[in-house]
Amino acid sequence: MKIAAAGGGTGGHLYPALAVLESIVKIKDIDVVYFCVARGLENKIIPLEHPEYKRVVVDIMGLKRPIINPVNIKRLLKIAKIKSMISSETKECDFGFLTGGYVSFPVGKALLSQHKPIFIQEQNIVPGLTNKVLSKNARKIFVGFEETVRYFPRSVRKNVIVTGNPIRIKENDEWNEAKDFVLVMGGSKGSEFLNSIMEQIYSIDHETTFVHITGDSNWTKRLSKFKNVLAYDYIYSMASVWRRARLVIARAGALTVSEMLYFGVPGVLIPWEGSAGRHQVKNAMYLEKTGRAVVLRQKDCNRDNLLAALKKAQRLQRQEEKKDNPATQIAKIILEEIL
Ligand SMILES: CC(=O)N[C@H]1[C@@H](OP(=O)(O)OP(=O)(O)OC[C@H]2O[C@@H](n3ccc(=O)[nH]c3=O)[C@H](O)[C@@H]2O)O[C@H](CO)[C@@H](O)[C@@H]1O
C-alpha cells in the first residue's frame, strides 16, 4: 500500500505529519509519497530523516491574505498547471494524510477526484482554509483542541475526532547540552522579535541558563557572546530539549503549545499577531486558560513586562510528560478505516 502525505512549509505542519506517518509505518509496512513545497522545511528534513520516502517536489506558493489580491490569480493558475503532475503521483497511492498548508490542497483534491479517502489533521484552534475546504470530503478530521470542532461546517462535525496534536519524538533523540534552562523559541523559523527582545534580557540577566533557537545564523553568533546563553540556528532533537527545559518563552504556534502540554513545560507566550485568523492568539489564550502559560501581547512586550511575565510563569509547576501520544491513536484509526 501507498500513502500520499502532505503538510509543510513550516514545522507546525510537517512534524505532526511525520509523527503520524512514523506511527502508521510501525504498525503496517506502507510506502510514503510525500508532497513537499520546494522552499518548505520538509524538503530539507525528509531527505535527512526519511530518505526512504518518495519525495515529490511541488513548486507553488500560498495565497496572499486578504484573499482578494491580484497576485493570487497567478498563484492559482500555477496550482492548476501542476495539477496533472500531482494527479499522476496520487494515482499510485491508496489514501491520503494531509496536515494543511497550501500544498495539501491540490494533493487532497487529486485524491478525491480519484475517489480515494483522505484524512486530515488540524493543529490550530482556528482551522486553516485548506483544511476547512477539504473537510467536506474527508473521511476523518483529527483536531488538536476541543474548541476547534465548532469552526468546521455542521455537516462534517460527525467526522471530527478530538485527539490532541501528534507529537513527534524522533528515534535517537538525544540532545544533552544543558538542563534546567529557559528555552526560547520562535516556532520553526525563529522570530526576529523574540531574538531582539531577549537580547535586552540577556544584557541584564547573567544567572539564568537560556537555550535560544534563533532561526538565523547571524542572531546565533550575536547571542552566543552571552555566557549564559546557548544559541542555535535550529535543533533537530526537540523532544530531549523539552525534557530538559524548566520553562519556555515562545511564539504560540500550535505545535509549540501542544509540546508544552505534552512535555509539561510551562512558560510565557507572545503570540504572532499576523497569523491567519489570529490563530496564535487563540492558541495562546487556550494555554493561559488551562493555567499552563502567561500570555503577553506583542504590543505590551518590552523588557520589563517580559521579565515580570517570566517571574509569574516561574510559579507554574513543571508537570510529568504525558503517556499517550495522539500520533498513535490517529495512526490506529486511519488503519482501521483503510484495512
Ligand atoms: C509563522 C507561522 O506560519 N507559524 C505557524 C506554523 O508554525 P511554526 O512551524 O512556526 O511553529 P509551531 O510552534 O507550530 O511548530 C514548530 C515545530 O518545529 C519544531 N522545531 C522548532 C524549532 C527547532 O529548532 N526545531 C524544531 O524541531 C518544534 O518542536 C515544533 O514541533 O504552523 C503552526 C501549525 O499550523 C501555526 O500554529 C503557526 O502559526
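All values below come from the heavy atoms of this structure, side chains included, with hydrogens, waters and symmetry mates left out. Atoms within each ligand, like the ligands themselves, are counted from 1 in listed order. Since the structure is predicted, the reported quantities are computational estimates derived from the model, not experimental observations.
- Between the side chains of S104 and T130, no donor N or O sits under 3.5 Å from an acceptor N or O.
- Annotation: A254 places an N or O atom under 3.5 Å from an N or O atom of ligand 1; distance criterion only.
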Taking it one step at a time, do E49 and R168 satisfy salt bridge (charged side-chain N to carboxylate O under 4.0 Å, His left out)? CA-CA 12 Å; E49 300 193 7; R168 198 331 173 74; 2.7 Å; yes
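- Applying the 4.0 Å criterion to heavy atoms of T256 picks out, from ligand 1, the atoms 12 (P), 13 (O).
- The protein non-hydrogen atom at the shortest distance from atom 14 (O) of ligand 1 is L255 N, 3.0 Å.
- Checked by distance only, ligand 1 and I213 stay at 3.5 Å or farther apart across all their nitrogen or oxygen atoms.
- Looking at atom 5 (C) of ligand 1, its nearest protein heavy atom turns out to be Q280 NE2, 4.3 Å.
- Side-chain contact of N43 with R55: a donor-acceptor pair under 3.5 Å is present, judged by distance alone.
- For atom 35 (O) of ligand 1, the nearest non-hydrogen atom from the set Q123, M185, K170, H279 comes from Q123.
- With hydrogens and angles disregarded, a donor-acceptor distance shorter than 3.5 Å links the side chain of D216 to the backbone of W219.
- Regarding atom 22 (C) of ligand 1, its nearest protein heavy-atom neighbour is G187 O, 3.7 Å.
- Contacts of P153 classified as side-chain contact (heavy atoms from CB on, under 4.5 Å), with partners at least two apart in sequence or in another chain: S135, K136, S155, V156.
- Partners of R297 according to the salt bridge (charged side-chain N to carboxylate O under 4.0 Å, His left out) rule, which considers only residues two or more places apart in sequence or in another chain, are E273.
- Listed by number with element, the atoms of ligand 1 under 4.0 angstrom from any heavy atom of N124 are 34 (C), 35 (O), 36 (C), 37 (O).
- Without hydrogens or angle criteria, N165 side chain to P326 main chain gives no donor-acceptor distance under 3.5 Å.
- Close contacts of ligand 1 with H13, meaning ligand atoms under 4.0 Å from a residue heavy atom, involve 35 (O).
- The aromatic rings of F263 and W242 lie parallel to each other, their planes meeting at an angle below 30°, with 60° marking the opposite boundary.
- When hydrogens are left out, the protein atom nearest atom 24 (O) of ligand 1 is I235 N, 2.8 Å; that is the closest non-hydrogen contact.
- Shortest contact from atom 30 (C) of ligand 1 to any protein heavy atom: E259 OE2, 3.4 Å.
- A donor-acceptor contact closer than 3.5 angstrom links the side chains of N131 and E122.
- Contacts with ligand 1 closer than 4.0 Å are made by heavy atoms of both the backbone and the side chain of Y234.
- In this structure the side chain of V265 never reaches within 4.5 angstrom of the side chain of Q319, judged on heavy atoms.
- Nearest protein neighbour of atom 1 (C) of ligand 1, counting heavy atoms only, is W272 CZ3, 3.7 Å.
- Between D233 and ligand 1, no N or O atom pair is found at a separation short of 3.5 Å.
- Below 30°, between 30° and 60°, or above 60°: for F142 and F97 the angle between ring planes is between 30° and 60°, a tilted geometry.
- Across the listed options G9, S188, G8, S188 owns the non-hydrogen atom lying nearest to atom 10 (O) of ligand 1.
- Atom 27 (O) of ligand 1 has its closest protein heavy atom at M238 CG, 3.2 Å.
- The nearest heavy-atom contact from the protein to atom 32 (O) of ligand 1 is T10 OG1, 3.4 Å.
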